[in-house]
Amino acid sequence: MTHRASPETNPTAFPEVAEPLVSRVQETIISWFEAEARELPWRDPNTTAWAVLVSEIMSQQTPVSRVEPRWREWMEAWPTPADLALAPTAEVLHRWDRLGYPRRALRLQEAARVIADDLGNEVPETVEELLELPGIGSYTAAAVASFAHGQRTTVLDTNVRRVLIRVFAGRERPATSPGRRETEWATGFVPEQHHVEWNAGVMEFGALVCTARNPGCADCPLRDVCTWNRLGRPASATKPKTQKWAGTDRQLRGAIMDALKTAHSAEAEPAGISIDLFTTSVTVLDPDTLGSLDESTAAAVARVRELSADDQRISRLISDLVADGLAQEHAGRLDLPRT
DNA sequence: AATTCGGGGTG
DNA sequence: CACCCAGAATT
């Protein structure tokens with residue numbers, strides 16, 4: 001058995017922490033949370049488990065500030081899983097708006113259908129059951145079980161990972177993705193009492209104080225005990241390279257989806273404007289076609305063309321969108337899914 | 001373990 | 001422009 005020096009395989013990467021320090025940090029975080037937590041709508045005591053689940057899905061890789069207005073609209077439109085289950089998928093994608101990763105909206109509706117059809121319209125309470133639902137992984141399952149049902153789980157998101165690594169391991173940032181060792185290590189810090197406040201509190205602390213870029217160490221309530229701070233806040237050697245955006249398939253896919261949504265809205269007008277956009281096999285973007293579109297749709301289509309002049313590439317991405325269930329052929333034209 | 005998947009706000 | 005955001009699913 002050979003040992004590599006990577007954080008994941010290094011036995012000291014997740015060190016054992018003395019109990020007095022653990023208790024001190026737990027108490028500090030929990031009392032900080034009760035004093036400083038943001039008043040997010042899904043933290044209201046009257047919020048349903050379904051509403052919590054929706055907030056967690058929307059918040060995956062998306063800042064809370066952008067989630068909040070969408071979440072309010074969703075809760076008004078679809079207050080229970082059964083409501084979302086029955087909604088037209090095109091409307092689901094519309095109300096998802098620009099939260100990003102639109103497949104999350106598809107998965108959420110799939111999950112709603114499972115809950116409505118097979119689970120009595122009740123959100124599961126255990127991590128194991130939650131993990132069975134589409135779009136729910138280890139983080140979301142633990143978060144819903146904890147925040148919606150009060151279960152003692154290990155919530156490990158990007159904030160929690162960063163706080164724990166800094167305070168207890170003295171490093172600036174965690175590895176790319178959490179492994180089993182890190183999860184078990186984090187589980188050791190979840191207290192027997194007030195574990196919901198701990199889970200929510202560490203997350204909130206990472207979002208507001210122990211931030212990725214400019215952490216508020218000067219006024220941090222943990223500054224005297226934080227290992228990273230005591231070591232002089234050394235920078236991590238390797239920072240993962242971020243993905244490009246401009247010119248990528250992702251950008252172009254987004255523009256195509258935007259065109260479909262815009263066209264879908266225009267088509268819903270009483271006048272019934274004919275939408276010649278794409279077919280699944282051929283791209284149709286000639287000037288005559290554009291001229292027949294309403295202004296907003298024409299602009300959205302022009303944006304697609306602006307991003308790429310390669311019709312084969314656009315056709316390939318359209319095929320991918322159809323395969324992913326994000327688009328659908330309808331009456332010979334491309335449209336949002338009508339199911 | 002590495003990639004892919006959106007989109008926008010911020011330093 | 002680089003980085004980051006309550007990650008999940010696939011390869």
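Fair warning: this is a prediction, and the values are worked out from it, not measured in the lab. The sequence lines fix the lettering, A, B, ..., with proteins before strands; numbering per chain opens at 1.
- Under 4.0 Å is where a charged nitrogen must lie from a carboxylate oxygen, and between A:E184 and A:R181 no such pair does.
- The side chain of A:A207 approaches C:dA6 more closely than any other nucleotide in the set B:dG7, C:dA6, B:dG6.
- Comparing A:D320 and A:R98 along DNA chain B, the residue whose closest nucleotide (by nearest heavy atom) sits nearer the 5' end is A:D320.
- Between the side chains of A:S308 and A:D310, not a single donor N or O lies within less than 3.5 Å of an accepting N or O.
- Per the geometry, NZ belonging to A:K244 stands 13 Å off P belonging to C:dC4, to the nearest Å.
- Looking at heavy-atom distances under 4.0 Å, A:A212 makes contact with sugar-phosphate atoms alone, never a base.
- The pair A:D157-A:R162 does not count as a salt bridge, with every side-chain nitrogen at least 4.0 angstrom from each carboxylate oxygen.
- Between A:K261 and A:D97 there is no salt bridge, since no side-chain nitrogen of the basic residue lies less than 4.0 Å from a carboxylate oxygen of the acidic one.
- For the pair A:R24 and A:F168, the NZ or CZ position fails the cation-pi test of under 6.0 Å to the six-membered ring centre and within 45 degrees of the ring normal.
- Among the protein residues, A:W96 comes within range of no part of the nucleic acid, since none of its heavy atoms lies under 4.0 Å from any strand.
- Checking B:dG11, B:dC5, C:dA6 against the side-chain heavy atoms of A:Q243 singles out B:dC5 as nearest.
- Within the structure, a side-chain polar atom (N or O) of A:R173 is placed less than 4.0 Å from OP1 or OP2 of C:dC4.
- Nearer to the 5' terminus of DNA chain C, by closest-nucleotide assignment, is the contact made by A:L40 (compared with the other of A:R107 and A:L40).
- Nucleic acid contact class of A:V64 (heavy atoms, under 4.0 Å, all strands): base.
- Residue contacts shown for A:R38 include a base, since a base heavy atom lies under 4.0 Å away.
- Regarding contacts with the backbone of B:dG6, a side-chain N or O of A:R253 is found under 4.0 angstrom from either OP1 or OP2.
- Rounded to whole Å, atom P of C:dC3 lies 12 Å from atom CD of A:E172.
- Of the side-chain N and O atoms in A:R213, none sit less than 4.0 angstrom from OP1 or OP2 of C:dA2.
- Across B:dG7, C:dC5, B:dC5, the shortest atom-to-atom separation from the side chain of A:R66 is found for B:dG7.
- At the heavy-atom level, A:G137 lies under 4.0 Å from the strands shown only through sugar-phosphate atoms.
- Distance A:D97 CG to B:dG7 P: 10 Å, rounded to the nearest Å.
- Look at A:T140 and you'll find a side-chain N or O under 4.0 angstrom from OP1 or OP2 of C:dA8.
- Taking atom CG of A:D324 as the reference point, atom P of C:dA8 lies 18 Å away to the nearest angstrom.
- Atom pair A:L321:CG and B:dC5:P shows a separation of 10 Å (rounding to whole Å applied).
- With hydrogens and angles ignored, no donor-acceptor pair under 3.5 angstrom links the side chain of A:S177 to the base of C:dG7.
- Within 4.0 Å of A:S55, counting heavy atoms only, lies no atom of the nucleic acid at all.
- Electrostatic pairing of A:R70 and A:E73 counts as a salt bridge here, judged by a charged N lying under 4.0 Å from a carboxylate O.
- Using a 4.0 Å heavy-atom cutoff across all strands shown, A:L99 reaches at least one base atom of the nucleic acid.
- A perpendicular orientation is assigned to the rings of A:F205 and A:W32, their planes being inclined by more than 60° (bins at 30° and 60°).
- Only the P atoms considered, C:dA6 is 24 Å distant from B:dT4, to the nearest whole Å.
- Rounded to whole Å, atom P of B:dG8 lies 18 Å from atom CD of A:Q60.
- Side-chain proximity of A:N214 to B:dG11, C:dA6, B:dG6: nearest is B:dG11.
- Taking atom P on both B:dG8 and C:dA8, the two are 22 Å apart, rounded to the nearest angstrom.
- When the side-chain nitrogen and oxygen atoms of A:Q61 are compared with OP1 and OP2 of C:dG7, one or more of them lie within a distance under 4.0 Å.
- Between the CG atom of A:L208 and the P atom of C:dC4 there is a distance of 17 Å, rounded to whole Å.
- Atom OH in A:Y101 sits about 9 Å away from atom C1' in C:dC5, given to the nearest Å.
- Among the heavy atoms of the strands lying under 4.0 Å from A:T158 are primed sugar atoms or P, OP1, OP2 only; no base atom is included.
- One finds no side-chain N or O of A:T242 lying less than 4.0 angstrom from the OP1 or OP2 phosphate oxygen of C:dA2.
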